[in-house]
Novice: 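Handing you a structure now.
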Number of protein chains: 2
Amino acid sequence: MTAAEISTESAIFDAALRVFSRKGKDGARMQEIADEAGINKAMLHYYFRNKDSLYEAVFAHVIGRFFSEIDRAMLPGRPFVESMEGMIHVYMDMHAAQPEVARLWVQENLNGAPVARSLIERHRNADHPFGPHRLLARIREAADAGEIRAVDPVHLMMTVLGMTVMTFIATPTLSVFDPSLRIDSAAMIDARKRHIVEVLTHGITI
Amino acid sequence: MTAAEISTESAIFDAALRVFSRKGKDGARMQEIADEAGINKAMLHYYFRNKDSLYEAVFAHVIGRFFSEIDRAMLPGRPFVESMEGMIHVYMDMHAAQPEVARLWVQENLNGAPVARSLIERHRNADHPFGPHRLLARIREAADAGEIRAVDPVHLMMTVLGMTVMTFIATPTLSVFDPSLRIDSAAMIDARKRHIVEVLTHGITI
DNA sequence: CACAAATTTAACCATATGGTTGAATCATAT
DNA sequence: ATATGATTCAACCATATGGTTAAATTTGTG
């Protein structure tokens with residue numbers, strides 16, 4: 001790969017991620033992606049056959065990295081609550097650094113998640129250690145051992161997902177009520193982490 | 001309003017809500033909305049000037065009803081935790097009955113929430129009792145009174161929003177891991193309610 | 001019924017959009 | 001330096017899309 005190739009391709013990738021995460025696959029316009037990447041529209045079709053394959057490439061890349069981060073963050077051998085706290089930090093930091101990833105995933109889901117589903121199926125059939133599956137197993141283990149309450153693993157996963165991801169989805173609306181709620185503020189991300197860990201470990205009762 | 005008008009207009013409304021919630025404002029196609037409503041494309045422009053005003057009409061209607069539901073569910077004078085439990089039930093039932101509403105709101109936010117923001121501003125300037133503001137006040141009250149932990153009201157609101165709304169967003173992906181995770185299953189909605197209330201009141205620790 | 005207003009339809013229009021083409025430019029290895 | 005393949009561009013094409021129009025049909029009302 002030449003330097004030009006790398007910079008052009010990654011410029012397309014970044015622009016596509018941004019536009020797809022804002023507008024979804026159908027709402028995104030190739031022209032808008034080209035403009036944000038600072039290139040000619042024909043370049044998109046030189047590097048990626050068409051809109052569908054560009055979308056799939058971006059989604060697969062971004063979600064793949066995401067899954068391995070989950071995996072990496074889930075250090076075994078420590079008490080579950082402690083491990084979970086670490087995961088939430090990693091998870092929140094990832095999203096804060098690149099909020100487009102969570103948004104792209106949400107767009108996928110709103111559209112029925114056909115690409116995400118086929119990706120997961122492919123991962124499942126491979127014998128890779130796979131982030132979400134390992135996480136679910138870890139939760140079940142902790143619940144079975146009586147280390148935590150007898151929660152349903154998938155529900156807890158959905159809960160953690162909701163509390164973290166919602167931070168990067170709901171701010172355009174919620175910042176009307178509290179203007180300090182900016183996802184580019186380190187203080188706010190920090191406060192959010194503390195809130196999530198606190199509610200998750202103790203709930204809101206005293 | 002004649003009978004034909006009512007049925008045609010509400011058919012358009014319902015179809016528009018469904019399509020907008022799937023594809024977002026830009027991703028939605030007027031033809032697709034017309035098809036789902038079972039009418040001619042020109043009818044959309046007879047009942048609503050254009051795509052923008054159709055979107056705004058649908059969004060305002062749906063979110064307005066939603067806000068007043070929040071208001072209605074927030075019965076005063078009861079212990080906060082009890083009141084919150086009731087709200088979560090109402091909230092979950094609403095979404096379960098019409099998951100498109102939450103999805104439309106998420107789409108709005110992914111797009112920067114221009115319509116939602118101007119709607120909220122208009123509500124704020126009116127002297128109506130306004131759902132979200134009253135809810136935030138209620139949370140602050142309970143926290144100040146030491147009835148619950150000293151949580152930031154907006155963060156708690158985001159947390160509740162995340163735990164509930166995520167149920168109707170993430171299922172296309174998460175159902176790969178647990179096929180019983182169907183939002184049209186009363187048992188699953190029930191289990192989700194219990195999980196949310198449990199985590200919110202006690203956390204996951206024993 | 002007769003008449004006006006509301007409703008519905010098919011055909012149409014201008015532009016936007018995804019995608020293509022062929023020529024031009026650039027990098028690099030010999 | 002030049003031949004080769006990679007990269008970039010402007011111009012182009014077919015179709016999709018948002019929106020319009022004028023005529024036809026239905027509905028409500030005296």
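Here is how names work: the chains are called A, B, and so on, in the same order as the sequence lines, proteins then strands, and each is numbered from 1.
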Novice: I'd like to check the side chain to side chain contact (heavy atoms under 4.5 Å, CB included) partners of A/Thr167; sequence neighbours left out, ordered by chain and number.
Specialist: A/Met92, A/Met188, A/Arg192, B/Met158

Novice: By a strict heavy-atom criterion of less than 4.0 Å, which residues belonging to residues 55-62 of chain A are in contact with DNA chain D?
Specialist: none

Novice: What's the CD1-P distance between A/Ile12 and D/dT8, to the nearest Å?
Specialist: 8 Å

Novice: Could you identify which residues of residues 34-46 of chain B place a heavy atom less than 4.0 Å from some atom of DNA chain C, listed by residue number, or say none?
Specialist: B/Asn40, B/Ala42, B/Met43, B/Tyr46

Novice: Taking only residues at least two apart or on different chains, which pairs with a member in residues 100-114 of chain B satisfy salt bridge (Lys or Arg N to Asp or Glu O under 4.0 Å)?
Specialist: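 Sorted result for residues 100-114 of chain B: empty, none.
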
Novice: Using modelled atom types and a 3.5 Å cut-off, is there a donor and acceptor pairing between side-chain atoms of A/Asp71 and backbone atoms of A/Phe67?
Specialist: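 It does not hold such a pair.
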
Novice: Which listed nucleotide (D/dT8, D/dG19, C/dT8) is nearest to the side chain of B/Met30?
Specialist: D/dG19

Novice: What pairs of residues pass the salt bridge (Lys or Arg N to Asp or Glu O under 4.0 Å) test when at least one of them lies in residues 168-185 of chain B, not counting sequence neighbours?
Specialist: B/Arg182-B/Asp184

Novice: OP1 or OP2 of C/dA16 sitting under 4.0 Å from any side-chain N/O of A/Arg29?
Specialist: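 For C/dA16, neither OP1 nor OP2 has a side-chain N or O of A/Arg29 closer than 4.0 Å.
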
Novice: Could you list the residues that satisfy side chain to side chain donor-acceptor pair (under 3.5 Å) with B/Asp52, not counting sequence neighbours?
Specialist: B/Lys25

Novice: Under the rule for salt bridge (Lys or Arg N to Asp or Glu O under 4.0 Å), what residues qualify as partners of B/Asp26, not counting sequence neighbours?
Specialist: A/Lys23

Novice: Quick one: B/Lys51 NZ to D/dG19 C1', roughly how many Å, whole number?
Specialist: 12 Å

Novice: Let me know the distance between CD of A/Glu32 and C1' of C/dG18, rounded to the nearest Å.
Specialist: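 Going from A/Glu32 (CD) to C/dG18 (C1'), I get 14 Å.
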
Novice: Calculate the interatomic distance between A/Lys25 atom NZ and C/dT17 atom P; express it in whole Å.
Specialist: 17 Å

Novice: Of the candidate nucleotides C/dG18, D/dT8, D/dG19, which contains the atom at the shortest distance from the side chain of B/Asn50?
Specialist: D/dG19

Novice: Whole-Å distance between D/dT15 P and B/Gln31 CD?
Specialist: 17 Å

Novice: So, are B/Asp144 and B/Arg140 salt-bridged, with charged N and O less than 4.0 Å apart?
Specialist: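 So B/Asp144 does not pair with B/Arg140 through a salt bridge.
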
Novice: Name all residues meeting the side chain to side chain donor-acceptor pair (under 3.5 Å) criterion together with A/Arg22; count only those two or more places apart in sequence or in a different chain, and write none if there are none.
Specialist: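 Residues passing side chain to side chain donor-acceptor pair (under 3.5 Å) with A/Arg22: A/Glu32, A/Glu36.
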
Novice: Applying side chain to side chain donor-acceptor pair (under 3.5 Å), can you list everything that pairs with A/Thr201, at least two apart in sequence or on another chain?
Specialist: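 Partners of A/Thr201 by the side chain to side chain donor-acceptor pair (under 3.5 Å) criterion come out as none, since no residue qualifies.
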
Novice: Identify which nucleotide among D/dG19, D/dT8, C/dT8 has an atom closest to any side-chain atom of A/Thr8, counting heavy atoms from C-beta outward.
Specialist: D/dT8

Novice: Atom OH of A/Tyr47 and atom P of D/dT7: how far apart are they, to the nearest Å?
Specialist: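 Distance check: A/Tyr47 OH to D/dT7 P gives 5 Å.
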
